[in-house]
Amino acid sequence: MEAAKYKRVMLKLSGEALAADKGYGIDFDIASEIALQIKKLVEMGVEVGAVVGGGNIWRGRQGEDMDRTTADYMGMLATCINALALQDSLESAGVHTRVQTAIEMKEIAEPYIRRRAMRHLEKGRVVIFAAGTGNPYFSTDTTAALRAAEIEADVILLAKKVDGVYDKDPYKYNDAVKFNNLSYFDVIEKGLQVMDTTATSLCMDNDIPILVFGLDKPENIIKAVKGEKIGTLVSKVSCNK
Ligand code: UDP
């Protein structure tokens, strides 16, 4: 068995990660690829919690003329669709899973119960946390931070399109520089687009490291867990490029 740096991880996948190049909906080839990487983690003895976003289907802020709360509930429902898709891909790969939802929908999934989630993790089941925090005005990044704190995860693996955190948008600027390490405070003060401020401050208050890396190569998930130098680590340690 290969050595893992972390015993229990919280994997945050944006909804876009499941959409791949399509930008919208779910690409099941991508979902299967991600599932295979998660399977390897489980085989390494790592306990895996996962939060999937909903941006490939709906984000609250798209509902410009809508009541914000309603638009956000639509976003939370979108995360449930993605959670079921990921569950299906994982189960097809032979990985035992449970989906737990922050909004009760007991015909579809278990309600979120922390103690139960912990037990599933100890038994080697991947727990997918769906429906966000169950509250409007929050994001799935905040959900990942909250659930990571609750399940005492060692790290949040923040899988993104970009391969780390840059001082400016690397898609727009050729001279954008990637950070290897950043403190939570750097992220908030510099207004870096890592995760929203609520999520970052929750991680800061609870000392949960965030490893931001690119999902362009799904095997990066394994590298991240082995502690290989990829992406950007956001922790108490301050900024160096
Ligand atoms: N959302 C919410 N409360 C939560 C989590 C999510 O209201 O606790 C809604 C919000 O509208 C958000 C949408 O669900 O825009 C989808 O989540 P997010 O934008 O975080 O998905 P991602 O960008 O990671 O795909």
Side-chain angles (χ1 to χ4, degrees), residues 9-28 30-31 34 38 49-87 89 99-105 108-109 111-114 117 127-151 153 156-162 165 169 171 187 192-203 206 208 210-216 218 221 231 234:
V9 301
M10 171 58 74
L11 176 65
K12 163 70 210 299
L13 301 165
S14 67
E16 274 178 354
L18 289 183
D21 297 337
K22 292 180 195 158
Y24 182 85
I26 299 162
D27 182 328
F28 277 92
I30 292 287
I34 295 170
I38 296 175
V51 167
V52 201
N56 54 325
I57 299 170
W58 180 264
R59 282 198 181 95
R61 61 176 178 273
Q62 284 171 247
E64 282 169 17
D65 300 324
M66 288 183 69
D67 166 53
R68 169 70 192 263
T69 308
T70 307
D72 278 342
Y73 278 122
M74 288 167 64
M76 287 182 254
L77 291 176
T79 72
C80 298
I81 294 175
N82 286 333
L84 293 180
L86 183 63
Q87 176 175 46
S89 296
V99 174
Q100 291 203 344
T101 58
I103 296 170
E104 209 176 310
M105 43 184 90
I108 294 173
Y112 171 64
I113 299 171
R114 179 191 172 258
V127 183
I128 306 167
F129 300 99
T133 61
N135 302 290
Y137 295 96
F138 287 92
S139 66
T140 50
D141 283 350
T142 301
T143 310
L146 176 64
R147 297 289 183 245
E150 289 181 277
I151 66 165
I156 296 176
L157 303 176
L158 194 59
K160 295 244 179 200
K161 262 186 166 176
V162 191
V165 184
D169 187 344
Y171 290 121
V187 172
L192 299 170
Q193 303 293 310
V194 182
M195 39 167 47
D196 56 80
T197 313
T198 311
T200 310
S201 63
L202 196 55
C203 290
N206 294 286
I208 307 165
I210 310 156
L211 184 61
V212 186
F213 62 97
L215 202 59
D216 48 322
I221 297 176
V234 183

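Note that ligands are numbered from 1 as they come in the structure, with each ligand's atoms numbered from 1 the same way. Heads up: numbering here begins at 1 and tracks the sequence. Side chains are part of it too, since the values below use all heavy atoms of this structure and drop only hydrogens, waters and symmetry mates.
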What about Thr133: any of its N or O atoms under 3.5 Å from an N or O on ligand 1? yes

Under a 4.5 Å cut-off applied to non-hydrogen side-chain atoms, are Phe129 and Glu150 in contact? no

Strictly distance-based, threshold 3.5 Å: is any side-chain N or O of Thr143 a donor or acceptor partner for the main-chain N or O of Thr133? yes

Heavy-atom count around Arg61 CZ within 6.0 Å, excluding the residue itself: above 12? no

Do any N/O atoms on Ser14 end up under 3.5 angstrom from N/O atoms on ligand 1? no

Contacts of type side-chain contact (heavy atoms from CB on, under 4.5 Å), residue Thr200, not counting sequence neighbours: Tyr184, Val187, Ile188, Met195

Which of the ligand 1 atoms, numbered from 1, are nearer than 4.0 Å to a heavy atom of Pro136: 7 (O)

Asn56 side-chain N/O to Gly25 backbone N/O, donor-acceptor pair under 3.5 Å: yes

If you have a sec, work out which protein heavy atom is nearest atom 15 (O) of ligand 1 and how many Å separate them, to one decimal? Gly60 N, 3.1 Å

Short N/O distance, under 3.5 Å, between Asp72 and ligand 1? yes

Taking only residues two or more places apart in sequence, or in another chain, which ones meet Pro136 in a side-chain contact (heavy atoms from CB on, under 4.5 Å)? Thr69, Asp72, Tyr73, Met76

For the 3.5 Å polar cut-off, considering only N or O atoms, please tell me whether Gly55 and ligand 1 meet it. yes

Considering non-hydrogen atoms of the protein only, which is the closest contact for atom 2 (C) of ligand 1, and what is the distance? Phe138 O, 3.1 Å

Check ligand 1 against Gly53 and write out every atom of the ligand that is under 4.0 Å from a heavy-atom position of the residue. 21 (O), 22 (P), 24 (O), 25 (O)

Hey, is the main chain of Ser139 close enough, under 3.5 Å, to the side chain of Asp141 for a donor-acceptor pair? no

The closest protein heavy-atom partner of atom 18 (P) of ligand 1 is Thr140 OG1, 3.4 Å

Counting only N and O atoms by type, is there a donor-acceptor contact under 3.5 Å from the side chain of Asn206 to the main-chain atoms of Ile208? no

Closest approach of any protein heavy atom to atom 5 (C) of ligand 1, naming residue and atom: Ser139 C, 3.4 Å

Gln193, CD: over 12 other non-hydrogen atoms inside 6.0 angstrom: no

Asn56 N/O under 3.5 Å from ligand 1 N/O: no

Residue and atom name of the nearest protein heavy atom (relative to atom 3 (N) of ligand 1), distance in Å to one decimal: Asn135 O, 2.7 Å

Test your reading of the structure: does Arg59 have an N or O sitting under 3.5 Å from an N or O of ligand 1? yes

Do ligand 1 and Gly54 have nitrogen or oxygen atoms that lie under 3.5 Å from each other? yes

Can any side-chain N or O of Thr140 pair as donor or acceptor with the backbone N or O of Gly132 at less than 3.5 Å? no

Gly132: numbered ligand 1 atoms lying under 4.0 Å from its heavy atoms: 4 (C), 5 (C), 8 (O)

Can you tell me how far apart CD (Gln100) and CD1 (Ile128) are? Round to the nearest 0.5 Å. 10.5 Å

Polar atom proximity, Gly15 to ligand 1 (N or O, under 3.5 Å): yes

Test side chain to side chain contact (heavy atoms under 4.5 Å, CB included) applied to Leu86 and Asn82, step by step: CA-CA 6 Å; Leu86 183 63; Asn82 286 333; over 6 Å; no

Quick one: look up the protein heavy atom nearest atom 24 (O) of ligand 1 and list residue, atom name and how far away it is. Lys12 NZ, 2.9 Å

Please report which non-hydrogen protein atom sits nearest to atom 13 (C) of ligand 1, along with the residue it belongs to and the distance in Å to one decimal place. Gly75 CA, 3.6 Å

Should you measure from each heavy atom of Thr143, which atoms of ligand 1 turn up under 4.0 Å away? 5 (C), 8 (O)

